[in-house]
Amino acid sequence: MKEQLCQGERRLCGESIFKTGKAMTDPNKVIINLALFGMTQSGKSSAGNILLGSTDFHSSFAPCSVTTCCSLGRSCHLHSFMRRRGREVTLQVQVLDTPGYPHSRLSKKHVKQEVKEALAHHFGQEGLHLALLVQRADVPFCGQEVTDPVQMIQELLGHAWMNYTAILFTHAEKIEEAGFTEDKYLHEASDTLTTLLNSIQHKYIFQYKKGKSLNEQRMKILERIMEFIKKNCYQVLTFK
């Protein structure tokens, strides 16, 4: 069957291509594939558990990197999550957790190869809908270390990375405690962060823990993610 794309054609992206995801062929069920990137102790694994509604990924505070290899988690089915063409649609989320970079024990070459193989293994055919760059809201986005994960995303996803990347700000309750609104926080952000947000068409999510149940956090984040995926016409990146 010929693939139908929003752009009307199939285009190469380095070692990846993008197309309409196979998971969207069932009108009653949607599977979205996500990958988490970010610095050590940014909250990737914890964010992954919130997205899945589980404790699939080991998450803890440590003075070193905790995650050393990629792992895939699958959520239970979220029935009647959304409506599509007048029908209630069930949602399932697949999340790839990756080692943080810079890593306290692993080289960039090792981490990059580990993630590259995992993307090909898990999303080679089905495709990746969105890469989430996980960034602590209470840590300034500046310096070489914070841009290393961005560079890795660019290298792994190819020239179309901007269409498939969003920022997930963890520990967002900290900015509220400091008297910032989301708009004020972004307005006073570093030039590095502003440039990145402009590049990815201002796709960002703030994750709040304080005063919110895990299910409430999860639903708000997933709703926002689905907005991004819909605007991207449900296209995915596949990996050779």
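Excluded from the calculations below are hydrogen atoms, water molecules and symmetry mates; all remaining heavy atoms, backbone and side chain alike, are included.
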Query - ring-ring contact (aromatic ring centres under 6.0 Å, His included) pairs, two or more places apart, involving residues 65-88 - result: none
**Report entry** Asp148: side chain to side chain contact (heavy atoms under 4.5 Å, CB included) partners, not counting sequence neighbours
**Finding:** Tyr101, Pro102, Gln144, Gln151
Query raised in the report: So do the side chains of Lys116 and Phe239 get within less than 4.5 Å of each other, counting heavy atoms only?
Result: no
Query raised in the report: Between CG of Asn232 and CD of Gln201, what distance do you get to the nearest 0.5 Å?
Result: 8.0 Å
Query - Pairs flagged by salt bridge (Lys or Arg N to Asp or Glu O under 4.0 Å) wherever residues 152-163 is involved - sequence neighbours left out - result: Lys108-Glu155, Lys112-Glu155
Query raised in the report: Gln94: what forms a side-chain hydrogen bond (donor to acceptor under 3.5 Å, both in side chains) with it, not counting sequence neighbours?
Result: Asn33, Arg74, Glu126
Requested in this report: Under the salt bridge (charged side-chain N to carboxylate O under 4.0 Å, His left out) rule, collect the residues that match up with Arg218, sequence neighbours excluded.
Outcome: none
Requested in this report: Specify the closest pair of heavy atoms between His159 and Met162, including all atoms of both residues, with the distance to one decimal.
Outcome: O-CE, 4.2 Å
Query - Option passing side-chain contact (heavy atoms from CB on, under 4.5 Å) with Leu78 (candidates Val89, Thr90, Leu222) - result: Leu222
Query raised in the report: Can you name the side-chain hydrogen bond (donor to acceptor under 3.5 Å, both in side chains) partners of Ser80, sequence neighbours left out?
Result: Glu88
Query raised in the report: How long is the gap from OG1 on Thr147 to CG on Leu196, to the nearest 0.5 Å?
Result: 10.0 Å
Query raised in the report: For the residue pair Trp161 and Ser199, what are the closest heavy atoms and their distance?
Result: CH2-CB, 4.3 Å
**Report entry** Side-chain heavy atoms of Glu114 within contact of Leu106, under 4.5 Å
**Finding:** no
Query raised in the report: What is the minimum heavy-atom distance between Ser54 and Asp56, and which atoms define it?
Result: OG-OD1, 2.6 Å
Query raised in the report: Can you tell me how far CG of Leu128 sits from OH of Tyr164, rounded to the nearest 0.5 angstrom?
Result: 9.0 Å
**Report entry** Atom of Val134, atom of Gly43 and distance for their closest heavy-atom approach
**Finding:** CG1-C, 3.9 Å
**Report entry** Minimum side-chain heavy-atom gap Ile32-Leu130 below 4.5 Å
**Finding:** no
Report task. Identify the heavy atoms of Phe37 and Thr98 that sit nearest to each other, and give their distance. Result -> CA-OG1, 4.0 Å
Query - Distance, nearest 0.5 Å, that separates CD of Gln92 from CG of Leu52 - result: 9.5 Å
Report task. Nearest 0.5 Å please: distance from the CG atom of Leu237 over to the CG atom of Leu157. Result -> 5.5 Å
**Report entry** Flag side-chain contact, heavy atom, 4.5 Å: Ile175 against Phe169
**Finding:** no
Query raised in the report: Any idea which heavy atoms bring Pro99 and Val111 closest together, and the distance?
Result: O-CG1, 4.1 Å
Requested in this report: Using ring pair (Phe, Tyr, Trp, His ring centres under 6.0 Å) as the criterion, list what pairs up with Phe141, not counting sequence neighbours.
Outcome: none
Requested in this report: Please identify each residue that fulfils side chain to side chain contact (heavy atoms under 4.5 Å, CB included) with Ala189, with sequence neighbours left out.
Outcome: Leu193, Thr194
Query raised in the report: With side chains defined as the heavy atoms from C-beta onward, is the minimum distance between Ile205 and Gln207 less than 4.5 Å?
Result: no
Report task. Return the set of residues passing side-chain hydrogen bond (donor to acceptor under 3.5 Å, both in side chains) with His171 (not counting sequence neighbours), or none when no residue passes. Result -> Arg136
**Report entry** Pairs touching residues 180-192 that satisfy side-chain hydrogen bond (donor to acceptor under 3.5 Å, both in side chains), sequence neighbours left out
**Finding:** Glu182-Tyr208
Query raised in the report: Just wondering, do His129 and Ile31 contact through their side chains at under 4.5 Å, heavy atoms?
Result: no
Query raised in the report: According to a 4.5 Å side-chain heavy-atom criterion applied to Ile, Leu, Val, Met, Phe, Trp and Tyr, with indirect links allowed, do Leu36 and Val139 form part of one hydrophobic cluster?
Result: no
Report task. State whether the number of non-hydrogen atoms from other residues, nucleotides or ligands found under 6.0 Å of His202 atom NE2 is greater than 12. Result -> yes
**Report entry** Full working for side chain to side chain contact (heavy atoms under 4.5 Å, CB included) between Ser75 and Leu51
**Finding:** CA-CA 8 Å; Ser75 75; Leu51 289 167; over 6 Å; no
Query - Side-chain heavy atoms of Ser46 within contact of Lys209, under 4.5 Å - result: yes
Query - Any residue meeting side-chain hydrogen bond (donor to acceptor under 3.5 Å, both in side chains) with Lys174, in chain and number order, not counting sequence neighbours - result: none
Report task. Check whether any side-chain heavy atom of Leu186 lies under 4.5 Å from a side-chain heavy atom of Phe206, and answer yes or no. Result -> yes
Requested in this report: Give, for atom NZ of Lys44 and atom CG of Asn49, the distance between the pair rounded to the nearest 0.5 Å.
Outcome: 12.0 Å
Query raised in the report: Salt-bridged, Arg224 to Glu227, with N to O below 4.0 Å?
Result: yes
Query - For Pro149, side chain to side chain contact (heavy atoms under 4.5 Å, CB included) partners two or more places apart - result: Met39, Leu133
Requested in this report: Report the C-alpha distance between Val30 and Ile229 in whole Å, list the side-chain angles of each, state the deciding distance to 0.1 Å, and finish with yes or no for side chain to side chain contact (heavy atoms under 4.5 Å, CB included).
Outcome: CA-CA 11 Å; Val30 169; Ile229 292 174; over 6 Å; no
